[in-house]
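Whatever order the structure lists them in is the order used to number ligands and atoms, beginning at 1.
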Amino acid sequence: MNSNKELKERGDKVFVGTYSRYPAAMVKGSGCRLTDADGRQYLDFMAGIAVCALGHAHPKITEAICRQAGELVHVSNLYYTLPQIELAETIIAHSFGEKLFLCNSGAEANEAAIKLARIYSAAERYKIISLSGSFHGRTLATVAATGQPKFHKGFQPLPEGFLHAPFGDLLALEEMIDSSTCAILCEPLQGEGGVRPLAKEYLQGIQALCKKHGLLLIFDEVQTGMGRTGSLFAYEQLGIQPDILTMAKALANGLPIGGMLTSEKIAAAFVPGTHASTFGGNPVACAAAVATLKIILADGFLADVMQKGAYFQAELRKLAQRFPALLSSARGMGLLVGAVLTEQGVAHGTAIVNKMFDRGFLMNFAGNVALRFVPPLIVTKEEIDLLVAALAEVLAEF
Ligand SMILES: *Cc1c(COP(=O)(O)O)cnc(C)c1O
């Protein structure tokens with residue numbers, strides 16, 4: 001039998017060291033539960049970083065994957081396939097979008113958005129302004145768009161034309177706009193940046209600046225999309241319509257896929273030859289995505305996400321009252337939930353997450369400011385209660 005210890009040793013020998021991993025090898029999942037190689041169980045409030053929205057090994061998704069894998073796995077985008085068409089039709093029927101481009105990840109979706117914004121705009125307009133604290137991916141262009149210096153270090157020179165406006169400051173943002181700016185790119189809520197929501201008025205101000213200066217508004221909904229916030233996309237709750245929207249993470253409940261959604265007018269700037277992805281819109285991933293959307297869009301599902309998110313945040317606020325030295329508040333949208341740490345709490349952020357791991361609860365510490373919880377959207381109130389009770393015990397140890 002392979003143990004955690006043996007698999008950790010083998011893995012550490014062969015992998016480029018890009019991750020600091022917990023000493024556990026996961027072997028099986030079901031719903032919100034994971035089991036490791038030593039047979040230990042975990043309650044998963046990470047969901048593969050907001051990916052497995054319907055939990056692990058959801059039978060409907062497994063069935064869709066297996067059925068499609070038995071029919072056709074890949075043909076390239078030289079041909080049409082039904083799962084791709086069904087996926088695009090579903091997303092377009094439930095959003096502002098009229099055209100969809102499919103790829104394999106969040107970074108790739110943002111790359112497509114950046115390229116589209118540039119090719120759509122006049123040749124001298126190429127600059128894209130994003131926000132400090134943002135996260136947009138790990139390719140060179142999306143790293144350049146990411147407003148956190150720690151992700152830039154060692155990779156300069158980065159592609160040109162990416163500026164970062166200070167978070168929350170509309171005046172500073174407007175001052176950065178000049179005749180070479182083509183777009184503003186932001187997340188409606190910064191996930192990696194510490195579950196930091198952008199106020200509705202701030203986002204509406206950003207949209208107003210885009211209108212005033214003729215810029216495209218690009219929403220990175222890679223993390224906030226696909227029902228995570230209690231609506232299919234977060235923009236629906238904000239009274240704002242972006243020009244371009246990117247999605248990925250939960251789109252196929254764990255299979256790699258990404259998408260870029262836009263209007264017919266803007267999409268027309270991409271023509272055969274301007275952009276492509278070999279695996280983009282892979283039939284198996286698309287079949288999984290269609291099955292995932294069917295469940296997320298079913299009656300009552302998103303209302304339930306909203307309700308459980310509100311309950312979870314309220315429970316975390318109670319913890320903040322009990323442990324004011326460590327926790328200051330709770331924030332988020334739907335089931336993208338953060339427990340904001342005090343200055344003293346931040347010093348213990350990693351230790352809190354590690355102690356929760358030891359107790360069998362998966363979560364993480366985001367943006368060096370908040371404990372982040374992104375459980376499967378099918379999480380139950382009872383499971384939320386278990387997490388909150390364990391967190392209370394852990395906080396009491398400090
Ligand atoms: C995760 C994430 C990305 C990057 O997605 P990958 O699939 O890892 O490339 C981009 N933007 C946001 C907001 C994310 O949360």
Side-chain angles (χ1 to χ4, degrees), residues 16 18-19 45-53 101-117 128 130-148 150-152 155 162 164 167 183-198 203 206 217-229 232-235 238 242 244-261 277 279-282 285 288-289 292 332-338 363-370 372-375 377:
V16 173
T18 45
Y19 307 105
F45 274 61
M46 280 301 292
I49 316 192
V51 167
C52 302
F101 173 80
L102 286 166
C103 51
N104 312 288
S105 69
E108 219 189 312
N110 285 334
E111 286 277 346
I114 290 163
K115 286 178 75 177
L116 181 61
I128 293 176
S130 53
L131 303 181
S132 64
S134 61
F135 181 82
H136 298 296
R138 302 295 202 136
T139 59
L140 277 175
T142 59
V143 155
T146 292
Q148 301 188 58
K150 67 175 182 192
F151 293 113
H152 299 171
F155 299 122
F162 293 93
H164 307 110
F167 186 92
I184 296 176
L185 163 66
C186 65
E187 302 150 89
L189 177 155
Q190 293 185 343
E192 302 301 312
V195 194
R196 192 155 55 148
L198 279 66
L203 281 165
I206 292 175
L217 177 59
I218 307 172
F219 264 16
D220 178 345
E221 292 228 30
V222 167
Q223 189 158 156
T224 54
M226 318 326 297
R228 173 58 53 188
T229 65
L232 185 59
F233 297 108
Y235 80 83
L238 301 164
I244 301 175
L245 180 149
T246 57
M247 66 192 87
K249 289 201 163 87
L251 182 49
N253 204 48
L255 264 69
I257 190 168
M260 180 202 64
L261 187 66
S277 169
F279 292 117
N282 170 276
T292 301
M333 282 176 89
L335 280 169
L336 179 39
V337 175
M363 51 186 269
N364 85 333
F365 182 33
N368 211 35
V369 12
R372 176 174 53 172
F373 308 96
V374 280
L377 303 179

What do the steps show when you test M226 against L232 for side-chain contact (heavy atoms from CB on, under 4.5 Å), and what is the final call? CA-CA 5 Å; M226 318 326 297; L232 185 59; 4.2 Å; yes
Compare E108, Q223, Q190, K249 and give the one whose heavy atom is closest to atom 1 (C) of ligand 1. K249
For F279, does the CZ atom sit with more than 12 other heavy atoms under 6.0 Å from it, leaving out its own atoms? no
Determine whether L255 and I257 satisfy the following criterion, side-chain contact (heavy atoms from CB on, under 4.5 Å), listing intermediate values before the conclusion. CA-CA 6 Å; L255 264 69; I257 190 168; 5.8 Å; no
Expected output: side-chain H164 to main-chain A144 donor-acceptor under 3.5 Å: yes
Could I get the full list of salt bridge (Lys or Arg N to Asp or Glu O under 4.0 Å) partners for R372, not counting sequence neighbours? E192
Please classify the E187 to ligand 1 contact at 4.0 Å (heavy-atom distances, strictly less than): side chain, backbone, both or neither. side chain
Does N110 approach ligand 1 within less than 4.0 angstrom via side chain, backbone, both or neither, non-hydrogen atoms only? side chain
Atom 9 (O) of ligand 1: nearest protein contact (heavy atom, Å): A107 N, 2.7 Å
Ligand-side contact atoms (ligand 1) for residue partner H136, heavy atom cut-off under 4.0 Å: 10 (C), 11 (N)
Taking atom 5 (O) of ligand 1 as the reference point, the nearest protein heavy atom with its distance: G106 CA, 3.3 Å
Can you list the atoms of ligand 1 that are under 4.0 Å from a heavy atom of S105? 7 (O), 9 (O)
Within the protein, is there a heavy atom lying under 4.0 Å from atom 15 (O) of ligand 1? yes
Test applied, side-chain hydrogen bond (donor to acceptor under 3.5 Å, both in side chains); reference residue, N110; option that passes from T139, T146, T246: T246
Before you tell me yes or no, could you show the steps for T224 and F219 under side-chain contact (heavy atoms from CB on, under 4.5 Å), namely the whole-Å CA-CA distance, both residues' side-chain angles and the distance that decides it to 0.1 Å? CA-CA 10 Å; T224 54; F219 264 16; over 6 Å; no
Among all protein heavy atoms in this structure, tell me which lies nearest to atom 11 (N) of ligand 1, with the distance rounded to 0.1 Å. D220 OD2, 2.8 Å
